[in-house]
Every structure is written in structure tokens, then in C-alpha cells.
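Working notes for the structure below.
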Amino acid sequence: MTTMSSIESKDVHKIVVACDAGMGSSVMLASQLRKQLKSAQVQVEHTPVNSIPADADVVVCHVGLADRARATAPDVVLIPFQVFIGDPAVAKLVATIKSGGTINA
């Protein structure tokens with residue numbers, strides 16, 4: 001099994017926020033990302049970690065779910081975070097997509 005470790009920001013068309021059940025805090029984070037990336041034409045959705053869609057380019061999930069997300073979507077760049085609002089990993093993802101460059105898992 002190979003895992004993707006990077007993707008160019010111009011190649012990101014869909015970000016999936018994965019959580020345990022697909023509701024609650026992931027809905028808030030997905031909504032926040034949608035607003036922040038509106039100008040970038042990036043689709044953002046939330047889903048349960050066991051149902052990550054095959055067309056996801058980047059998966060964002062809590063560190064506690066990272067192993068499950070990798071198992072579900074091994075070919076997708078995974079960005080794990082610690083806190084739902086204001087996490088540096090999420091802020092870096094948004095900044096890289098907006099300014100261009102490489103997103104590293």
C-alpha cells in the first residue's frame with residue numbers, strides 16, 4: 001500500500017473533512033474551510049472516516065482518526081489536526097491552496 005505524501009495546490013479540487021460519524025465538529029470545520037477557500041474553487045465536504053470518497057484530493061481529520069483515514073483512503077494526502085478550530089495544520093493547508101505550492105502530508 002502506497003500513501004501519497006504531497007500534492008500540488010493547483011491539483012486540489014476536493015477536500016474531505018473526515019470524522020467518526022460524519023457530523024458535529026466536522027460539519028463546522030467543513031463549513032469554515034468552504035468559506036476560507038471560496039475564491040479557490042475547491043469543493044469541501046464532510047464524511048464519516050470509513051466512507052471517504054474515491055475522488056477526494058486531500059483528507060483532513062483529527063489525529064485520533066488518522067490511521068483509519070489512511071486505511072480508507074491510502075492514495076490521498078492526509079492532513080491530521082489536533083483542534084477543530086484554529087489548528088495550524090489546517091491554517092497551513094488553506095494558506096498553501098490560496099498562495100500555491102505543495103501540500104505535504
Side-chain angles (χ1 to χ4, degrees):
M1 175 179 12
T2 60
T3 57
M4 278 197 35
S5 58
S6 67
I7 187 172
E8 291 303 312
S9 58
K10 65 179 173 44
D11 296 327
V12 176
H13 305 290
K14 184 173 190 175
I15 295 174
V16 172
V17 179
C19 74
D20 216 3
M23 34 180 95
S25 40
S26 69
V27 174
M28 288 188 314
L29 181 57
S31 175
Q32 181 186 21
L33 282 172
R34 236 178 257 119
K35 284 181 193 149
Q36 292 174 335
L37 295 172
K38 197 170 193 160
S39 62
Q41 306 280 316
V42 174
Q43 181 183 350
V44 180
E45 56 184 58
H46 64 279
T47 180
V49 71
N50 296 333
S51 306
I52 297 167
D55 63 344
D57 297 307
V58 175
V59 172
V60 177
C61 74
H62 190 270
V63 291
L65 298 173
D67 290 341
R68 285 171 58 194
R70 274 191 196 95
T72 304
D75 299 330
V76 178
V77 172
L78 178 68
I79 307 294
F81 63 87
Q82 296 277 348
V83 292
F84 278 94
I85 303 299
D87 190 280
V90 176
K92 184 178 175 186
L93 170 66
V94 169
T96 303
I97 288 174
K98 284 182 171 180
S99 64
T102 304
I103 297 160
N104 296 303

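Note: hydrogens, waters and symmetry copies are ignored here, and every other heavy atom, side chains too, is used.
Interatomic distance, C19 SG to R68 CZ, rounded to the nearest 0.5 Å: 9.5 Å. Taken to the nearest 0.5 Å, the CG atom of L93 stands 10.0 Å off from the OG atom of S9. Between the CD1 atom in I97 and the CD atom in Q41 there is a gap of 12.5 Å [rounded to 0.5 Å]. To the nearest 0.5 Å, atom CG of residue D57 and atom CD of residue E8 are 12.5 Å apart. If you take CG on L37 and CD1 on I15, they are separated by 5.0 Å, rounding to the nearest 0.5 Å. Here T72 contributes atom OG1 and I52 contributes atom CD1; the two are 5.0 Å apart, rounded to the nearest 0.5 Å.
Nearest heavy atom pair, residue P80 against residue V63, reads CB-CG1, 3.7 Å. R34 and E45 get closest at one heavy-atom pair: NH2-CA, 3.9 Å. The two residues V16 and A56 make their nearest non-hydrogen contact at CG2-CB, 3.6 Å. Minimum interatomic distance between S5 and V77 (heavy atoms only, all atoms of both residues): C-CG2, 4.3 Å. Summarising the geometry of G101 relative to T96, their closest heavy-atom pair is C-CG2, 3.9 Å, with the distance given to 0.1 Å. Scanning all heavy atoms of the two residues, the minimum distance from A69 to V59 falls at CB-CG1, 4.4 Å.
For the pair S31 (side chain) and V27 (backbone), a donor-acceptor distance under 3.5 Å is absent.
In this structure, F81 and H62 have perpendicular ring planes: the angle between them is above 60°, well past the 30° mark.
No more than 12 heavy atoms of other residues, nucleotides or ligands lie within 6.0 Å of CG in D67, so this atom counts as exposed by the packing criterion.
Listed by chain and number, the residues in a side-chain contact (heavy atoms from CB on, under 4.5 Å) with Q32 are L29, Q36, I85 (sequence neighbours excluded).
V58 is listed as a side-chain neighbour of I79, based on a closest heavy-atom distance under 4.5 Å.
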